[in-house]
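A short worksheet on the structure shown next.
Below, all heavy atoms of this structure are taken into account, side chains as well, without hydrogens, waters or symmetry copies.
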Amino acid sequence: LLVDLLYREHGSYDDDVEALRRALPDFECEHLKCDVHDSLGSVRRTLAKMLSSRYTRIVFLSAKVSQLAFLLPLGFVHRAYAIYHFMPNTRADLHARLLPVLARAFRLATYSEAVSSMLHDRLGIRLPALPSRIIDKVESERRMHAKYADGTTFRVLVPGIRPGVRKFLNPLELLSNLERATGATEIRLFVQSAPIDALTGHPSIEFVRSGIPKDEYEALYCSCHLIALEFDCGYELRASGVILDAAASGCLVLTTDHQITRSYGFPNSIVCDISTVGALIGRAHSGETLQPLIPGAGIEEFSQRWRTFLSL
């Protein structure tokens, strides 16, 4: 049973589950989606599900540590596992006290080597780091080469701006910087936000609404050459679904220095800055191999690491 106690529609939760199902085809994986806004109700739903059915393993893919604390007895009567995503800035002491206790009942893991290393440095706890997405680097490189070989307008996506998560990028400034860094004469910028009146009708800027259907979201990534984003300096270290989606879709990621971007090889990978993006584009144009610069785990590595974690 795969459980998301913090499920949000249009988030990465379904993608993570789909990757697990693909990597573990010989196991039936049921997905319990509990709304993020119903914390106590989510715990009750999980308990009811456990009492009504028999599962060989329960894996909490997302949960608050307080919810896991309520469910602690489950870990002593079932094979229970949980993914720890990040240590929040405002409740670090609470997490530091609870994690060693939770580790007695749940087998814990993270979605990031960097998060595992941080926990080891702070608490002396070494948790295994598991991949959350399958990245076919051969296909990613093929897509990247194809995009830069067709000679079409250079397409750039700016994902949704979220206060405290991703900063607002000035579209005109971004266009100007990209023109200088890449030499592109035709750039099409897709900004996922509410329209800005002063930029409505700009020939190079199109605004994309938030919460678009999954197929439209995937098509946008697959059609774009580059994803541009900047994480807020206070955003906690964790795995990034946006960066992994970009890698899988054959996109470069234009960003800045942050503990999250460094965990994906910034600036010496496809996760780059304005000073290195031009050289990367040149390599993509020339058909050079880019696989060593693409972060993520392929299906064999993904499957092996999860099977080890779940003792399958």
| All pairs passing side chain to side chain donor-acceptor pair (under 3.5 Å) where residues 265-277 contributes a residue, at least two apart |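 Found Asp273-Ser275, Asp273-Thr276.
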
| task | Scan for side chain to side chain donor-acceptor pair (under 3.5 Å) pairs involving residues 191-204, sequence neighbours excluded, and state none if there are none. | result |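 Qualifying pairs, neighbours excluded: none.
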
| request: Using the test side chain to side chain donor-acceptor pair (under 3.5 Å), find all partners of Arg262 that sit at least two apart in sequence or belong to another chain. | output: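 With sequence neighbours excluded, Arg262 shows a side chain to side chain donor-acceptor pair (under 3.5 Å) to Asp257, given in chain and number order.
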
| said: By the definition side-chain contact (heavy atoms from CB on, under 4.5 Å), identify the one residue from Leu174, Ile227, Leu229 that meets it with Leu254. | reply: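 Exactly one option meets the side-chain contact (heavy atoms from CB on, under 4.5 Å) with Leu254, and it is Leu174.
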
Partner set under salt bridge (charged side-chain N to carboxylate O under 4.0 Å, His left out) for [X], not counting sequence neighbours:
X      : answer
Glu179 : none
Arg283 : Glu288
Asp16  : Arg133
Arg238 : Glu236

| query | Does Leu2 sit in a hydrophobic cluster with other residues, and if so which ones, taking ILVMFWY side chains as linked at heavy-atom separations under 4.5 Å, directly or through other members? | reply |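 The other cluster members (ILVMFWY side chains, heavy atoms under 4.5 Å, direct or chained) are Val17, Leu20, Leu24, Phe27, Val59, Leu61, Tyr81, Ile83, Tyr111, Leu130, Ile134, Ile299, Phe302, Trp306, Phe309, Leu310, Leu312.
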
| said: Under 4.5 Å side-chain heavy-atom separation, chaining through any Ile, Leu, Val, Met, Phe, Trp or Tyr, what else clusters with Val138? Say none if it is isolated. | reply: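 Once heavy-atom contacts under 4.5 Å are chained together, Val138 still belongs with nothing else.
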
| task | Determine, using the 4.5 Å side-chain heavy-atom cutoff (strictly less than), whether Phe86 and Val36 are members of one ILVMFWY cluster. | result |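 No, it is not one cluster - the side chains of Phe86 and Val36 are not joined through contacts under 4.5 Å.
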
Please enumerate all residues that pass ring pair (Phe, Tyr, Trp, His ring centres under 6.0 Å) together with [X], with sequence neighbours excluded.
X      : answer
His285 : Tyr148
His78  : none
Phe70  : none

